[in-house]
Amino acid sequence: MSAAAAITLDRVAKRFERGAAGDSELYAVRELSLSVGAGELVAILGPTGCGKSTTFNLIAGLIRPSSGSVRVMGHDPYDEFDWFRGKIGIVFQSDRLMPWRSALDNVALGLELNKCPREERRAIARAWLERLGLKGHADDFPHALSGGMRQRVGIARAFAVRPALLLCDEPFSGLDAVTGDALRREFVDLVRETGCTGIFITHSIEEALQLGRRILVFQRPARIVYEAVLDPDTSRDSRAEIRAEIRRALGGDGIP
Amino acid sequence: MKRLGFRFEGIAAMAGLALAWQIASYFFPPFLFPSVPAIARRFAGIFLEAAPLADALSTAARILLGLGGAFVLGAVLALLMGRSERFRRYAHPLLNFNQGIPALSWVVISIIWFKGIEFRIFFIMVMTTLPAFTYQLLDAYRSMSKELLEMTLSFRPSRLDLLRVLVLPTVMPGILTAWKVNLGNAARVVVVAELVGATGGIGYELLQQQQLFDMAGAIAWTIVLVVFVLIVQSLLGLIERWSLAYRPLAERGL
Ligand SMILES: Nc1ncnc2c1ncn2[C@@H]1O[C@H](COP(=O)(O)OP(=O)(O)OP(=O)(O)O)[C@@H](O)[C@H]1O
Ligand SMILES: [Mg+2]
């Protein structure tokens with residue numbers, strides 16, 4: 001795709017052993033090739049269990065591919081683990097907050113691990129909490145927050161490190177419409193502001209159309225069955241067409 | 001008072017026990033059931049005189065030192081077992097075997113092996129409390145959430161930071177429980193360990209009382225040991241309440 005590819009997946013497969021004895025196996029990802037340019041904003045759609053989160057884990061270097069190669073910013077995210085310090089922010093599908101840390105300290109975690117001085121990181125974290133509408137909750141522990149509030153703390157934690165690569169796994173699900181909209185705008189702004197590369201997973205076709213400059217539809221085991229590129233000038237008619245195409249790609253099992 | 005775990009029922013139960021003992025003292029000779037005031041006088045005497053106080057303190061120090069040693073060694077073993085399945089398979093049977101060895105056997109072994117009395121006691125304390133400590137710490141280590149680990153790893157922490165921000169907070173409740181459980185064990189073992197020729201300590205004093213047939217002294221020294229355990233236990237309880245304050249409480253119990 002783009003000359004300065006931020007992410008390149010080349011015929012990647014991820015196999016999991018299944019069962020207590022690990023005697024059967026399952027491909028969560030198979031023959032997945034994908035390239036995302038620097039600064040691009042990509043939306044991934046796909047039915048449940050098709051390997052979207054697994055793909056994220058591969059890009060984040062949290063799991064090792066069974067075969068194929070993953071390159072992120074020219075480096076191997078699994079083998080060159082430490083190189084990525086301060087470069088990746090992930091909003092996980094579940095909030096994954098540390099129950100023993102206050103909202104503020106949860107948001108500051110990434111900065112703390114990047115050796116950002118205490119006062120500075122607390123100020124940054126506080127600003128992010130405010131931006132996400134959590135003013136006054138900085139000192140609350142996760143168990144005292146609602147599910148949507150926890151999700152927002154998780155988003156703030158990923159954004160706060162100003163990552164070069166932002167991976168979001170259904171970040172805006174479970175939020176009310178107004179907050180969701182505000183965060184979507186925030187998300188686009190942040191990607192534009194920082195020039196970071198953003199990938200987000202969603203189950204909502206509308207959200208994908210609204211946010212993504214490029215939309216990928218996955219089918220099980222993770223591979224691309226449909227791809228659309230949008231820009232602000234894309235006409236309403238062709239948007240409607242794309243919407244129909246996406247629906248078809250999602251509906252048929254693997255038939256684009 | 002409630003903060004330290006004392007409650008009305010607890011005090012009443014102890015008072016009832018003392019009363020029953022006192023009544024028994026009216027019907028039996030003092031060498032079987034000395035009166036409660038006599039025991040109390042002996043108990044107070046331990047804290048008022050320098051030499052007995054030193055005995056009590058040295059036993060306390062031996063308990064804490066032994067537990068500290070077992071904790072450090074147990075933590076290293078648990079970490080190795082947690083990280084390497086292979087190592088765990090070697091270590092597991094050895095620890096199980098160890099668990100079956102009575103404290104008295106370690107007493108005999110340490111007398112034959114070592115000269116220094118303090119080292120003998122330390123050795124016995126460590127060997128007897130090590131397996132339980134290791135298993136409890138291993139459990140705590142394993143209870144670490146994979147999800148939180150992945151989340152933390154996505155920020156690429158250094159080894160030390162990972163230990164500090166994730167591993168320690170996760171294993172903290174387990175560590176405190178392990179200390180509480182092993183404290184009781186250690187207090188029971190230390191008096192046996194002090195039979196290895198210690199010229200001081202609660203175990204040594206108990207042996208003296210037995211030779212003198214002094215029941216009041218034996219009870220008083222036993223109470224000293226129990227009180228020490230209770231004090232440390234409530235300190236651990238305070239640390240627990242303070243460090244785990246973040247935990248949510250269900251409003252309705254089981
Ligand atoms: N650690 C694992 N061990 C075994 N199987 C796994 C593991 N992780 C994922 N899988 C399997 O891989 C497949 C893809 O899972 P994944 O979580 O990537 O799906 P997903 O596309 O994110 O789904 P959803 O939209 O529901 O979040 C599933 O069938 C799942 O059971
Ligand atoms: Mg998922």
Side-chain angles (χ1 to χ4, degrees), chain A residues 53-54 56-63 72 75 77-78 80-103 105-116 121 139-145 153-154 157-158 160-161 163 165-169, chain B residues 75 82-86 88-89 136-137 139-179 236-254:
Chain A
S53 297
T54 306
F56 264 25
N57 286 340
L58 285 164
I59 295 172
L62 296 174
I63 55 178
V72 178
H75 295 261
Y78 190 91
E80 297 170 74
F81 196 75
D82 288 328
W83 187 84
F84 289 88
R85 181 169 304 155
K87 296 191 176 68
I88 301 184
I90 308 184
V91 180
F92 291 91
Q93 202 166 357
S94 54
D95 57 69
R96 303 202 186 187
L97 302 182
M98 292 176 162
W100 56 84
R101 283 185 170 233
S102 66
D105 288 337
N106 263 295
V107 175
L109 177 70
L111 296 163
E112 182 182 336
L113 296 175
N114 294 347
K115 311 282 175 237
C116 175
R121 67 176 188 251
D139 297 323
D140 286 351
F141 284 101
H143 72 83
L145 300 172
V153 175
R157 177 181 59 197
V161 292
L165 175 62
L166 191 55
L167 303 174
C168 301
D169 201 343
Chain B
R83 295 181 70 99
S84 155
E85 176 58 23
R86 187 127 185 216
R88 194 193 66 79
R89 277 190 226 140
Q136 274 147 0
L137 293 174
D139 265 355
Y141 181 77
R142 286 213 181 121
S143 71
M144 188 158 55
S145 139
K146 173 180 165 280
E147 298 211 322
L148 285 185
L149 176 63
E150 283 181 351
M151 184 281 294
T152 311
L153 286 177
S154 76
F155 288 119
R156 271 48 181 185
S158 67
R159 276 273 160 89
L160 204 67
D161 277 341
L162 183 65
L163 208 66
R164 183 174 60 80
V165 302
L166 181 67
V167 180
L168 272 184
T170 322
V171 300
M172 196 60 187
I175 288 179
L176 286 171
T177 307
W179 269 88
L236 289 171
L238 281 181
I239 296 176
E240 197 166 33
R241 225 155 304 168
W242 169 76
S243 69
L244 303 181
Y246 65 84
R247 289 215 276 208
L249 290 174
E251 289 204 2
R252 198 185 259 279
L254 278 177

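Everything numeric in this text was worked out from a predicted model, so none of it was measured. First the proteins, then the strands, lettered A, B, ... as listed; each starts at 1.
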Measure [X] against the heavy atoms of chain B and call it side chain, backbone, both or neither at under 4.5 Å.
X	result
A/Phe92	side chain
A/Ile88	both
A/Ser102	neither
A/Leu167	neither

What part of [X] lies closer than 4.5 angstrom to a heavy atom of chain A: side chain, backbone, both or neither?
X	result
B/Ser158	both
B/Leu149	neither
B/Ser243	neither

Pick from A/Pro99, A/Pro142, A/Pro163, A/Ala60 with the largest number of heavy-atom pairs that fall under 4.5 Å of chain B:
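The option with the most such pairs is A/Pro99.
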Identify which of A/Arg85, A/Lys115, A/Arg96, A/Lys87 forms the greatest number of heavy-atom pairs closer than 4.5 Å to chain B.
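The answer is A/Arg96.
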Using a cut-off of under 4.5 Å for heavy-atom pairs, which of B/Leu162, B/Asp161, B/Val165 has the most such pairs with chain A?
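Winner by heavy-atom pair count: B/Val165.
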Between A/His75 and A/Trp83, what is the ring plane arrangement, given parallel below 30°, perpendicular above 60°, and tilted in between?
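Answer is parallel, since the angle falls under 30°.
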Please report the closest heavy-atom contact between [X] and [Y], naming both atoms and the distance.
X	Y	value
A/Leu111	A/Val161	N-CG1, 3.8 Å
A/Leu113	B/Phe155	CD1-CB, 3.7 Å
B/Thr170	B/Met144	CG2-CA, 3.6 Å

Hey, are B/Thr177 and B/Gln136 close enough side-chain-wise for a donor-acceptor pair under 3.5 Å?
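Their side chains do not contain a donor-acceptor pair, so the 3.5 Å distance test is not met.
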Cation-pi check, A/Arg101 onto A/Phe141 ring (under 6.0 Å, within 45° of axis)
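The answer is no; the distance or angle limit is not met.
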Less than 4.0 Å between a side-chain N and a carboxylate O, is that true for B/Arg164 and A/Glu112?
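Yes, A/Glu112 and B/Arg164 are salt-bridged.
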